[in-house]
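Note: hydrogens, waters and symmetry copies are ignored here, and every other heavy atom, side chains too, is used. One is the number of the first residue; the rest follow in order along the sequence.
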Amino acid sequence: MMSMLLAACGGNDNTAGTPSPGSTGETGAEAGKPVTLEFWTIALQPTFNDYFNELIAKYESSHPGVKVEWKDYPYDAISQRLLTSTASGKSPDVVNLNTEFASQLGSKGALLNLNEYLTDEEAKSYFEGIYNSTVLDGKAYALPWYTGTEVLFMNTKLVKEAGLDPANPPQTREELVEWARQVHEKTGVAGYAQQLISKLFPIDGIPILNEDKTAAAFNTPEAEAMIAQMRDLMAEGVVLKEDAEFSKQIQYFSGEQVAFQLSGPTFINFIKKSAPDVYKNTIAVTLPTGKANLRLSNSMDLVVPQKSKNPEQAVEFAAFITNAENQTAFSKVANTLPSSKASIEDPFFTQSDGSLEAEAKVASSQSLDKATDYMVGVPNAGDINSALARGLQEILMNGADIKETLNAVEKEVNQILNQES
């Protein structure tokens, strides 16, 4: 699909805003004609119809001659829709994509370099780590929109029984491990459960691929040490020896089989229903950082396809949607986090009413200054993530040798990359 889309977009040689061959060379705005912008989002209708209808009306009233047509598609359909539309010469103007796909398209020349349109002030209005997630070779291919980060939930009853002070929570992963060990020693309960997935590498500053995405880069002494520590913690009972998916993590925390949970705020909805007594004893604090001193976010972005017929207006509209005022407003109705620095100065993100939901929101907001989107950045990222996950499972669940397994996974990942190239 990526190669087809690249061909449809005209390759890497197009400059931003260059009209396609055979056109008159004028966009609608340049010709003095009314401009219609086609705006695509992912799974936001009908829940947020009122918000977007009002937002679009506000934009149109301040931009005479510009009309916005809003279309919404399911998550698993938008990439194919984008391919089909672009190939037929009817490219949308502003499209909602996740960071992984935006990065892939940007690297293939399918998106505008937004740095050619944004002011320095506009570019610097977003959190640096999130904005830079789609900056490749100095070119910005997306504007970050709504996002999310994990927080640390802790069962204060178990923590206090272990002689620890919830008011002074751990700040680093190393400190969290020591807390988990003390909880286990004093109460017999494990510290936490986790899923064995590829993001465990970047949390400790271990890159999955090299800079140009052509080869595996995770087979390092640092990776061996990280996995060995995890194996030892599981053997101690400090971390549950299981590849625990989210549903299992909910089960363990609800049953007080673990004292901590590393998760996004949606976790609250599950424990509130399944374990109201545990919910009452739970607090949320800022997630401790690993050796990379960052927190992984999961962002949605806005991009402008290379073949937009009205690039200037498209970028302006995307910047309007993602400015601080509008990001703040959307976060309030959608219960998401903004990627705009100014947004989190709003009391909505700084003040807590003492509820777990409010604590999680404030803790998440305070994580954004160290947030960056986790992604592999290649079309076959799913295959690479699966290979790493299988390797971790073999080592930690089945007792496979660390070095031998990393060698095998490295070979598999390089084969996957070679197939793509």
Side-chain angles (χ1 to χ4, degrees), residues 148-197 199 230 233-289 295-296 298 331-337 347-367:
T149 63
E150 293 182 339
V151 299
L152 177 67
F153 295 97
M154 67 170 69
N155 183 318
T156 56
K157 185 186 77 170
L158 294 174
V159 167
K160 290 177 181 177
E161 287 178 5
L164 297 164
D165 180 9
N168 295 286
Q171 300 299 308
T172 66
R173 291 289 176 124
E174 289 80 4
E175 291 176 0
L176 175 60
V177 164
E178 290 307 312
W179 274 50
R181 181 174 283 115
Q182 187 164 330
V183 165
H184 183 60
E185 290 173 351
K186 299 291 186 180
T187 70
V189 170
Y192 54 93
Q194 64 184 10
Q195 190 170 8
L196 304 181
I197 51 180
K199 75 175 185 179
M230 198 181 310
L233 291 174
M234 287 181 170
E236 287 182 61
V238 175
V239 176
L240 283 182
K241 187 177 181 179
E242 184 170 338
D243 183 9
E245 295 183 351
F246 186 57
S247 60
K248 296 292 288 185
Q249 293 176 31
I250 296 168
Q251 177 183 327
Y252 292 135
F253 193 88
S254 298
E256 296 193 318
Q257 294 172 267
V258 297
F260 306 106
Q261 169 70 18
L262 291 69
S263 184
T266 54
F267 175 73
I268 297 170
N269 299 329
F270 296 97
I271 63 166
K272 192 172 185 178
K273 294 177 182 178
S274 64
D277 290 339
V278 174
Y279 166 82
K280 292 176 183 177
N281 289 325
T282 300
I283 64 170
V285 298
T286 303
L287 187 73
T289 56
R295 299 181 179 96
L296 301 181
N298 185 16
S331 290
K332 290 180 178 180
V333 299
N335 197 28
T336 59
L337 293 181
F348 181 77
F349 299 105
T350 60
Q351 297 178 3
S352 171
D353 60 9
S355 67
L356 181 57
E357 290 81 356
E359 287 178 353
K361 177 183 63 182
V362 172
S364 296
S365 303
Q366 292 172 347
S367 297

Nearest 0.5 Å, please: how far is CG in L262 from CD in Q249? 8.0 Å

Could you grab the distance from atom CD of Q261 to atom OH of Y192, nearest 0.5 Å is fine? 11.5 Å

Any side-chain heavy-atom pair of L287 and R173 under 4.5 Å: yes

Check whether any side-chain heavy atom of F260 lies under 4.5 Å from a side-chain heavy atom of V159, and answer yes or no. yes

Minimum heavy-atom separation for A284 and L356, please, with both atom names. N-CD1, 3.6 Å

Non-hydrogen atoms of A180 and G191 that approach each other most closely: CB-CA, 3.6 Å

Under a 4.5 Å cut-off applied to non-hydrogen side-chain atoms, are E256 and V278 in contact? yes

Could you tell me whether K248 and E245 make a salt bridge, using a distance below 4.0 angstrom between a side-chain N and a carboxylate O? no

Minimum heavy-atom separation for E359 and G354, please, with both atom names. OE2-O, 3.9 Å

Here the gap from K361 atom NZ to T350 atom OG1, rounded to the nearest 0.5 Å, amounts to 8.5 Å

So how far is it from E174 CD to L176 CG, rounded to the nearest 0.5 Å? 9.5 Å

Measuring only between side-chain heavy atoms, which start at C-beta, is Q257 closer than 4.5 Å to V189? no

Please check if atom CG in N269 has more than 12 non-hydrogen atoms from other residues, nucleotides or ligands closer than 6.0 Å. yes

Closest heavy-atom pair, S274 versus S254, reported as atoms and distance to 0.1 Å, is OG-OG, 2.9 Å

For the ring pair F253 and F153, is the centre-to-centre distance below 6.0 Å? no

Hey, what do you get for OG (S355) to CD1 (I283), rounding to the nearest 0.5 Å? 13.0 Å

Using the rule side-chain contact (heavy atoms from CB on, under 4.5 Å), only one of E150, Q171, R295 pairs with T286; which is it? R295

Minimal heavy-atom distance between F246 and S263, with the atoms involved, is CE1-OG, 3.3 Å

Please round to the nearest 0.5 Å and tell me the distance separating atom OG1 of T336 and atom CG of N298. 11.5 Å

With respect to K157, which candidate in N281, T187, D277 satisfies the side-chain contact (heavy atoms from CB on, under 4.5 Å) definition? N281

